[in-house]
Amino acid sequence: MDISDNIRRIRKEKGLTQKKLGELCKIAEPTIRRYEAGTLKPKLETIEKIASALGVGASALMGVEYYDKKYPDLAQASKEYEGFIDYLNSLGYIINDIYSPSQIPVEELEKAGKMDIVPEECIESGFVLGESHSVEFIKDGKSFILEDDEFDDLQKSTKDMIALKLWQKSQEQK
């Protein structure tokens with residue numbers, strides 16, 4: 001289902017008319033009609049307004065595409081991560097993501113400008129419960145683990161090495 005079908009379906013499930021939905025999200029009824037007909041594509045901010053009026057998350061209207069549009073940098077990093085994992089698999093490595101509970105010092109969140117997400121009781125204790133990520137490599141019965149920053153360094157250095165080799169080849173052809 002595409003976004004137009006999802007708007008119509010959820011609106012009907014909620015027992016709303018196009019006019020009422022338009023009133024709730026301050027969008028003209030003809031515009032709602034065009035969104036549902038698929039003749040007009042709403043902007044991301046409009047999708048969020050419609051979703052809010054319908055009492056659902058924007059991803060209920062757009063699917064996972066919402067996160068790609070809302071957080072393009074994260075989407076790109078995720079694609080690169082998945083591509084690198086595929087590359088490592090092609091070399092015969094089995095890759096396992098490992099997530100472990102961890103305590104994040106409040107001062108790290110303060111430096112990152114994310115204090116708005118820190119509950120008051122965590123400020124007093126100095127820590128926020130979080131999750132750390134590491135990656136396990138398995139090949140030929142042997143395994144080793146890289147912490148998240150080590151894995152990022154491996155990914156970046158591999159990308160840089162490929163770029164260097166391609167540049168060297170391009171220089172040889174001149």
Side-chain angles (χ1 to χ4, degrees), residues 1-3 5-7 9-10 41-52 54-173:
M1 281 190 169
D2 68 359
I3 190 164
D5 294 330
N6 290 334
I7 293 170
R9 179 182 50 79
I10 295 171
K41 296 285 183 196
K43 294 180 181 175
L44 190 62
E45 301 81 34
T46 305
I47 292 167
E48 291 171 335
K49 283 170 57 174
I50 293 170
S52 178
L54 291 170
V56 298
S59 62
L61 300 179
M62 291 182 69
V64 295
E65 181 186 355
Y66 170 71
Y67 299 104
D68 290 345
K69 290 192 185 282
K70 182 75 175 176
Y71 308 104
D73 293 343
L74 187 58
Q76 180 61 33
S78 177
K79 286 177 187 171
E80 288 178 8
Y81 177 83
E82 290 170 10
F84 191 56
I85 295 295
D86 289 344
Y87 171 69
L88 293 169
N89 290 154
S90 76
L91 297 176
Y93 289 96
I94 297 170
I95 307 297
N96 295 317
D97 289 311
I98 301 170
Y99 295 94
S100 308
S102 66
Q103 291 186 332
I104 303 167
V106 169
E107 60 203 33
E108 282 185 28
L109 295 171
E110 193 170 33
K111 287 178 191 173
K114 297 183 178 179
M115 287 302 289
D116 56 323
I117 63 169
V118 179
E120 188 65 38
E121 61 271 12
C122 294
I123 294 172
E124 293 171 14
S125 73
F127 292 97
V128 174
L129 292 179
E131 202 171 58
S132 66
H133 176 249
S134 53
V135 181
E136 178 184 31
F137 289 69
I138 303 170
K139 186 174 182 179
D140 300 329
K142 297 177 183 171
S143 73
F144 62 94
I145 295 175
L146 294 181
E147 297 302 320
D148 209 22
D149 57 340
E150 295 172 311
F151 184 83
D152 289 345
D153 288 345
L154 175 65
Q155 185 175 356
K156 184 183 179 322
S157 62
T158 302
K159 184 178 179 180
D160 291 346
M161 182 59 71
I162 292 170
L164 174 63
K165 289 293 182 187
L166 292 174
W167 178 82
Q168 288 173 336
K169 280 293 190 189
S170 73
Q171 296 304 305
E172 289 172 9
Q173 294 175 355

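We're numbering straight along the sequence, starting at 1. Keep in mind that the numbers below use all heavy atoms, side chains included, and drop hydrogens, waters and symmetry copies. No experiment lies behind these values; they were computed from the predicted model shown.
Smallest separation of non-hydrogen atoms from Ala75 and Asp68: CB-OD1, 3.3 Å. The minimum heavy-atom distance between Ile145 and Glu150, with the atom names listed, is O-OE1, 4.3 Å. Smallest separation of non-hydrogen atoms from Glu48 and Ala58: CG-CB, 4.2 Å.
When each of Ile3, Asp5, Ile10 is tested with Ile7 by the rule side-chain contact (heavy atoms from CB on, under 4.5 Å), just one qualifies, namely Ile3.
Remark: the backbone N or O of Trp167 is paired with a side-chain donor or acceptor of Ser170 at under 3.5 angstrom. With hydrogens and angles ignored, the 3.5 Å screen pairs a side-chain donor or acceptor of Thr158 with a backbone N or O of Leu154.
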Could you go through residues 79-92 and list every donor-acceptor pair under 3.5 Å that involves a side-chain atom there, pairing it with any protein atom two or more places apart or in another chain?
residue	atom	partner	partner atom	Å
Glu80	OE2	Gln76	NE2	3.1
Tyr81	OH	Asp97	OD1	2.2
Tyr81	OH	Asp97	OD2	3.4
Glu82	OE2	Ser78	OG	3.4
Asn89	ND2	Tyr93	O	2.8
Ser90	OG	Tyr87	O	2.5

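Put simply, the side chain of Asp160 does not reach to within 4.5 Å of the side chain of Leu164, judged on heavy atoms. You'll find the side chain of Tyr66 stays beyond 4.5 Å of the side chain of Leu61, heavy atoms only.
Distance check, rounded to the nearest 0.5 Å: CD1 of Ile47 to OG of Ser59 gives 11.5 Å. Here the OG atom belonging to Ser132 is positioned 6.5 Å from the CD atom belonging to Glu147, to the nearest 0.5 angstrom. Atom CD in Glu45 sits 7.5 Å away from atom NZ in Lys70 (nearest 0.5 Å).
No more than 12 heavy-atom neighbours from other residues, nucleotides or ligands sit within 6.0 angstrom of NZ on Lys156.
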List the steps and the verdict of side-chain contact (heavy atoms from CB on, under 4.5 Å) for Leu146 and Phe137. CA-CA 8 Å; Leu146 294 181; Phe137 289 69; 3.5 Å; yes
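A search for side chain to side chain donor-acceptor pair (under 3.5 Å) contacts involving Asp152 returns nothing, not counting sequence neighbours.
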